[in-house]
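Just below is one structure, and these are the notes that go with it.
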Amino acid sequence: MKIENVELIRIRMPLKGAFRTSFGSQSVRDILLVHVVTPDADGWGECVSGEDPGYSSEYIDGSQDVIKRFLLPPLFAAENPTSANVAELWTTVRGHRMAKAAVETAILDAELRARGESLGEHLGAVRDRVDCGVSIGIPGSIPELLDQVAGYLGQGYVRIKLKIEPGWDVEAVKAVREANPDILLQVDANQAYELADARHLAKLDPFDLLLIEQPLGEERVRDHAELARVVRTPICLDESIVSAHAAAEAIAIGACSIVNIKPGRVGGYLEARRVHDVCEASGVPVWCGGMLESGVGRAANVALAALPNFRFPGDTSASERYFAQDVTPPFVLEDGTLRVPTGPGIGVAPIPEVLAELTTSREVVTP
Ligand code: NPG
């Protein structure tokens with residue numbers, strides 16, 4: 001498909017409350033939207049890299065630079081760039097999966113809009129609503145945490161995820177579990193522990209957690225397999241799983257029994273589907289992670305989460321959990337679920353006036 005130009009739009013979206021994790025605290029999202037313009041249709045993608053390289057090595061200014069200097073030129077030079085062949089056009093660009101995912105998604109969205117097919121249909125969605133959980137950052141105190149948990153359960157969220165780090169783990173989990181004996185509960189450490197903490201992490205076992213997510217470093221895949229021998233709570237990997245190949249290897253050595261899929265982290269929705277398939281073939285359930293996306297990224301995540309092997313509720317919360325004003329029409333929680341968009345492509349687009357209001361910079365890249 002011929003690409004006329006690509007707009008790189010930065011939007012500033014204040015979060016309703018600060019979101020603190022073991023790798024930092026965020027109160028505003030600085031989001032890069034990729035808008036691909038073709039003669040047949042426009043397409044949108046959201047780049048999920050953070051303002052700083054705290055979650056992974058990617059960061060938003062770097063992503064924008066890579067897109068402009070290394071990802072777009074081969075697309076403009078290609079005869080017929082499509083979502084199916086962009087990966088081949090980028091074989092000389094190592095890593096930068098979040099940047100690649102944003103551009104690939106915008107191209108895929110344009111293709112699907114041009115032929116009137118939804119992303120859900122394209123990926124193989126099997127349900128029209130997805131179960132939603134909520135991820136709670138590290139708060140100031142246990143009473144504050146309990147209040148937040150009660151508030152989200154009251155809104156209908158069907159699963160709670162607590163961020164943990166050394167010094168904020170067993171006590172917090174115990175308090176939440178005692179106050180809510182029957183809820184689906186899980187924790188996420190974002191790499192904050194060492195294998196030497198195995199016995200300490202095993203203290204979470206009595207609290208019947210669905211899973212513990214990425215307790216050890218991204219590259220410590222074998223150590224996760226060791227940890228899984230000491231801890232009874234199922235180990236889920238996030239940061240370590242950067243591709244379908246990485247998923248297959250981690251599963252093969254027993255490093256995880258559940259996988260969090262984030263399309264940005266693996267380089268796009270097509271690779272995300274391959275991760276899904278590899279896990280399914282191994283009997284490993286997956287769930288959809290979140291990166292505090294605007295409605296643009298959320299729409300595509302919800303479509304992905306409708307695939308059959310997404311067996312746990314995702315970090316796919318409603319727009320109002322994050323923002324006073326989303327850039328698209330808001331995603332609204334209904335009975336603990338979000339509806340999978342059915343319109344062509346990702347099924348939503350930024351509302352022009354809201355987009356204009358939130359925009360902090362706009363760059364048009366032409367062939
Ligand atoms: O609801 O989108 C959400 C947030 C879910 O906890 C969440 N995301 O490590 O998984 C994570 C974490 C994250 C947020 C990671 C922002 C990177 C950036």
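Counting convention: from 1, in listed order, for ligands and their atoms alike.
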Report task. Give the atoms of ligand 1, by number and element, whose distance to some non-hydrogen atom of Phe19 is under 4.0 Å. Result -> 6 (O), 7 (C)

Query - Proximity of Asp188 to ligand 1 by residue part, where a heavy atom lies under 4.0 Å - result: side chain

Report summary line: Checking heavy atoms under 4.0 Å, the part of Asn190 that sits near ligand 1 is side chain

Query raised in the report: Between Arg273 and Asp277, does at least one N-O distance fall below 4.0 Å, as a salt bridge requires?
Result: no

Query raised in the report: Salt bridge or not for Glu7 and Arg362, using N-O below 4.0 Å?
Result: yes

Report summary line: re atom 6 (O) of ligand 1, the protein heavy-atom contact at minimum distance is Ser135 OG, 2.7 Å

Query raised in the report: Between Arg10 and Asp61, is there a side-chain N and carboxylate O pair less than 4.0 Å apart?
Result: yes

Query raised in the report: Of all the heavy atoms in Gln214, does at least one lie under 4.0 Å from an atom in ligand 1?
Result: no

Requested in this report: Report yes if some N/O of Tyr55 lies less than 3.5 Å from some N/O of ligand 1; otherwise report no.
Outcome: no

Report summary line: Closest to atom 2 (O) of ligand 1 by heavy-atom distance, out of Leu292, Asn260, Asp238, is Leu292

Query - Donor-acceptor under 3.5 Å (Thr337 side chain, Leu333 main chain) - result: no

Report task. Examine Phe23 against ligand 1 and note whether any of their N/O atoms are separated by less than 3.5 Å. Result -> no

Requested in this report: Salt-bridge test for Lys161 and Asp315: reply yes if a basic N is under 4.0 Å from a carboxylate O, no otherwise.
Outcome: yes

Requested in this report: Tell me, please: is Glu239 in heavy-atom contact with ligand 1, that is, under 4.0 Å?
Outcome: no

Report summary line: Among Leu162, Asp315, Val48, Ile136, closest by heavy atom to atom 5 (C) of ligand 1 is Asp315

Query - Sub-3.5 Å N/O-N/O distance, Gln26 and ligand 1 - result: no

Report summary line: atom 13 (C) of ligand 1 sits nearest the protein heavy atom Gly290 O, 3.9 Å

Report summary line: Under 4.0 Å between heavy atoms, the region of Val134 that gets near ligand 1 turns out to be neither

Report summary line: So for Arg321 against ligand 1, with non-hydrogen atoms under 4.0 Å, the contacting part is neither

Query raised in the report: Which ligand 1 atoms does Lys262 reach within 4.0 Å, using its non-hydrogen atoms?
Result: 9 (O), 10 (O), 11 (C), 15 (C)

Report summary line: Sorted by chain and number, sequence neighbours left out, side-chain contact (heavy atoms from CB on, under 4.5 Å) with Leu146 holds for Ile142, Ala175, Val176, Ala179

Query - Presence of salt bridge, Arg339 and Glu334, under 4.0 angstrom - result: yes

Query raised in the report: Between Tyr157 and Tyr152, how do the two ring planes meet: parallel, tilted or perpendicular, split at 30° and 60°?
Result: perpendicular

Query raised in the report: Under 3.5 Å between some N or O of ligand 1 and some N or O of Tyr322?
Result: yes

Query raised in the report: Any donor and acceptor pair, going by atom type alone, linking the side chain of Arg321 with main-chain N or O of Ser135 inside 3.5 Å?
Result: yes

Query raised in the report: Quick one: which of Glu51, Met98, Lys163, Glu293 has a heavy atom closest to atom 12 (C) of ligand 1?
Result: Lys163

Query raised in the report: Between the main-chain N or O of Val93 and the side-chain N or O of Lys100, is there a donor-acceptor pair closer than 3.5 Å?
Result: yes

Report task. Please list, chain by chain and in numerical order, all residues satisfying side-chain contact (heavy atoms from CB on, under 4.5 Å) with Phe23, sequence neighbours excluded. Result -> Thr21, Tyr55, Asn190

